[in-house]
Amino acid sequence: MPMKIVKYLNVISAPLLSAAFFYAGWAPSKSIFINFAFVPLFYYWSGLRTFRQIIFSAAIFSFFTSLFSAHWIIQGVINYAQTSWVVGAVFLIFFALINNYHIILAAGLWKLLNIRPSNSIASFSVLILLYSTLEILPTIFPGQVGVAWLVNEIPSFFLAKYIGIEGISAIILFCNFFLLKIFTTPIQAQKRQYSVSLLLLLLVAYLGGSFIGGNDRKLAVLPNSTNGESIEILLVQPNISNPDKINEQQSITKRKIMKTLIELTKAGMAAAAEQNRKIDLIIWPETAVPEVFNQQHLGGIYQKEVLDLVKESKSPLITGAYFEEKDGLFSNAVFLLLPSGEISKYRKNSLLPGGESNTFLAKLPWIGEKFKFAASLVASNDPSQIALGQTLNLEISICYEGILKRYNSENFIIPAIAINVANDLWFGDYFEPTQHAFITLAKSIEANRSMARVANSGISFVYDSIQNTTSVMRSNMASTALVSLKTPHANAESFYVKNKWILITLKLLFIVGIFLFFKFRPKYSS
């Protein structure tokens with residue numbers, strides 16, 4: 001019996017330790033843990049154990065990376081559904097079981113290919129390319145390894161414009177593999193110099209690579225930049241409280257929310273006037289206006305207040321609100337209101353599972369009652385781009401959609417600026433808002449797409465793809481910021497966006513080539 005326990009601990013300990021390192025390296029901190037997080041797992045796999053052991057250890061790693069990195073789900077479910085921690089825990093466990101399935105798939109395919117362990121560089125190259133390539137598969141909350149470099153403010157992340165986020169993941173995984181090689185090299189007189197030299201080379205390469213791109217990323221309170229052709233954007237972060245968002249349909253709460261939004265916006269307008277700057281666009285966050293903006297409802301008190309503010313400011317306004325669909329259902333929407341009175345809308349395409357889309361959960365007698373409002377939201381297939389005048393498009397994403405966004409070169413026929421509006425309120429002081437913001441930023445950097453993101457409570461930022469700078473507002477406080485964002489060119493798409501499928505094809509051809517080489521190479525007998 002003790003031997004069985006030791007055996008199971010051996011299977012569990014390596015992936016569990018790697019999951020803990022992964023969490024420490026991916027969480028918002030100045031950590032380099034991600035660069036050796038996979039060493040315990042790779043060490044366990046280096047003996048190419050049985051298919052069952054590989055799959056089981058991959059499942060352990062997958063489960064615990066999701067469990068550690070997304071523990072905020074419990075708090076989000078408690079606040080959103082006004083339910084108990086038990087329901088939140090059930091959601092978290094379900095999420096952790098299915099979210100990082102690409103890890104299990106990569107490990108299984110690697111084992112099935114069965115590249116000979118005697119040639120570990122070739123073998124682990126196949127594993128790393130499988131792992132990183134499969135990161136593009138759809139999942140609930142993408143947790144690509146490469147985003148860790150952005151979280152830790154390593155400028156090398158800007159290489160994602162050329163090789164994608166999964167390309168950065170591959171670099172990090174190769175760093176892990178070379179560390180594994182160093183630590184598993186026998187310390188003999190002949191090989192000691194090799195180990196030390198390789199470690200030194202890796203250190204120099206890592207430190208050098210960390211500064212590729214120069215001082216690209218600047219985290220600071222939003223600056224007032226006026227150099228070059230640009231669009232002046234006023235970001236309004238109202239920081240509406242959780243109780244107010246829950247009770248936003250009550251008239252007294254509705255009045256309080258609208259007063260906050262309008263007063264903050266007017267304060268921003270006054271500051272712009274003092275600087276003699278014309279505001280080209282005002283952005284409010286997701287569901288900022290607790291009202292329906294259908295044409296027949298525009299005569300309502302609060303709808304008129306918003307429309308009057310747009311006329312007074314003479315500036316277009318982007319705001320989150322609701323749109324009433326048929327049969328009394330609602331969609332989460334963004335509206336572009338022009339001073340001329342013209343209104344364009346975008347209704348959310350991708351709903352948050354367990355938060356906005358609960359077709360299955362709504363049928364459950366106990367849990368379904370807790371999610372009546374969420375279950376009433378419906379998805380649309382609206383085009384994500386809204387024209388702002390004749391020369392610029394706004395490419396809209398609402399909250400969760402920002403981390404799923406797949407930009408493509410067809411959208412660059414007319415220059416576009418990405419707009420992401422979010423709430424991020426339900427998760428309290430946990431680091432979900434930071435994770436959410438960084439993944440959204442990573443997607444825009446990868447596509448070389450300028451972006452303005454406004455959150456109700458969380459992290460609001462502007463990424464300028466022309467200057468390669470990111471500026472962040474102070475989080476979790478009511479504030480405004482006026483920023484100049486340089487207007488992109490129509491041909492500004494990244495190398496990765498233009499050549500994504502070519503790069504993926506080359507990686508897959510490399511994997512097939514390695515497999516065929518070891519499958520059919522001559523075998524010699526002693």
Side-chain angles (χ1 to χ4, degrees), residues 9 11-45 57-76 92-93 95-97 99-100 102-104 106-107 127-128 131-132 135 139-157 160 165-166 168-180 182-184 199 202-203 206-207 209-210 217 219 403 427-442 458-459 475:
L9 282 176
V11 176
I12 293 171
S13 59
L16 187 57
L17 186 59
S18 279
F21 284 145
F22 182 93
Y23 166 67
W26 208 94
S29 63
K30 303 280 187 179
S31 171
I32 60 167
F33 278 44
I34 199 71
N35 298 294
F36 57 82
F38 290 82
V39 170
L41 185 64
F42 285 177
Y43 178 73
Y44 178 73
W45 285 352
S57 58
I60 292 292
F61 177 68
S62 170
F63 177 79
F64 281 103
T65 51
S66 296
L67 193 72
F68 294 156
S69 302
H71 59 273
W72 39 260
I73 284 178
I74 295 178
Q75 188 68 28
L92 175 58
I93 292 170
F95 169 85
L97 284 170
N99 189 59
N100 282 322
H102 71 278
I103 298 172
I104 305 170
L127 171 64
I128 287 165
Y131 187 114
S132 57
E135 283 186 335
T139 187
I140 298 174
F141 196 91
Q144 292 173 279
V145 177
V147 178
W149 270 12
L150 181 63
V151 174
N152 290 288
E153 300 182 37
I154 297 175
S156 302
F157 182 82
I165 300 171
E166 67 268 18
I168 303 297
S169 297
I171 293 174
I172 293 172
L173 291 170
F174 273 114
C175 285
N176 277 262
F177 167 67
F178 285 120
L179 282 174
L180 171 69
I182 290 167
F183 293 130
T184 55
L199 182 61
L202 182 64
L203 180 63
Y206 175 73
L207 292 176
S210 296
R217 189 158 182 276
L219 290 177
I403 67 176
F427 306 96
D429 294 328
Y430 288 83
F431 61 75
E432 184 276 348
T434 307
Q435 281 183 338
H436 192 178
F438 273 117
I439 298 174
T440 303
L441 173 59
I459 295 180
S475 62

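Basis for what follows: all heavy atoms, side chains included, without hydrogens, waters or symmetry-related copies. Quick caveat: nothing in here was measured; it's all calculated off a predicted structure.
- For Tyr43, the OH atom is loosely surrounded, since the number of other residues' heavy atoms within 6.0 Å does not exceed 12.
- Between Phe61 and Phe22, the angle of the ring planes goes over 60°, which puts this pair in the perpendicular group of the 30/60° scheme.
- To the nearest 0.5 Å, atoms CD1 (Ile459) and CD (Glu432) are separated by 9.5 Å.
- Panel note: side chain Ser169, backbone Ser132; no donor-acceptor pair is recorded below 3.5 Å.
- The two residues Ala37 and Asn176 make their nearest non-hydrogen contact at N-OD1, 3.0 Å.
- Using a 4.5 Å heavy-atom cutoff, the side chains of His71 and Tyr23 are in contact.
- Residues Ala148 and Ile34 approach most closely at CB-CG1, 3.8 Å, considering heavy atoms.
- By the side-chain hydrogen bond (donor to acceptor under 3.5 Å, both in side chains) test, Ser57 is found to be paired with Trp45, residues two or more places apart in sequence or in another chain being considered.
- Closest approach of Ile165 to Phe157, counting heavy atoms only: CG1-CZ, 4.0 Å.
- The main-chain N or O of Leu41 is found under 3.5 Å from a side-chain atom of Ser18 such that the two form a donor-acceptor pair.
- Distance check: Ile12 CD1 to Leu17 CG gives 13.0 Å after rounding to the nearest 0.5 Å.
- Each of Tyr131, Phe21, Phe33 was compared with Phe38 under the ring pair (Phe, Tyr, Trp, His ring centres under 6.0 Å) criterion, and only Tyr131 meets it.
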Please table the atom pairs, donor to acceptor, closer than 3.5 Å between any side-chain atom in residues 139-146 and protein atoms at least two apart or in another chain.
residue: Thr139; atom: OG1; partner: Asn99; partner atom: O; Å: 2.4
residue: Thr139; atom: OG1; partner: Asn99; partner atom: OD1; Å: 2.9

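- Atoms OG and CD1, on Ser66 and Ile103 in that order, are 6.5 Å from each other to the nearest 0.5 Å.
- Atoms CD1 and CD, from Ile439 and Gln435 in turn, are 6.0 Å apart once rounded to the nearest 0.5 Å.
- Looking only at side-chain heavy atoms (C-beta outward), Phe64 and Asn100 stay at 4.5 Å or farther from each other.
- For Ile104, the side-chain contact (heavy atoms from CB on, under 4.5 Å) criterion is met by Ile55, Ala58, Ala59, Ser62, not counting sequence neighbours.
- Within the 4.5 Å cutoff, the side chain of Phe68 has heavy atoms near those of the Leu16 side chain.
- Distance check: Leu127 CG to Leu173 CG gives 7.5 Å after rounding to the nearest 0.5 Å.
- In this structure, Ile93 CD1 and Leu67 CG are separated by 7.5 Å, a value rounded to the nearest 0.5 Å.
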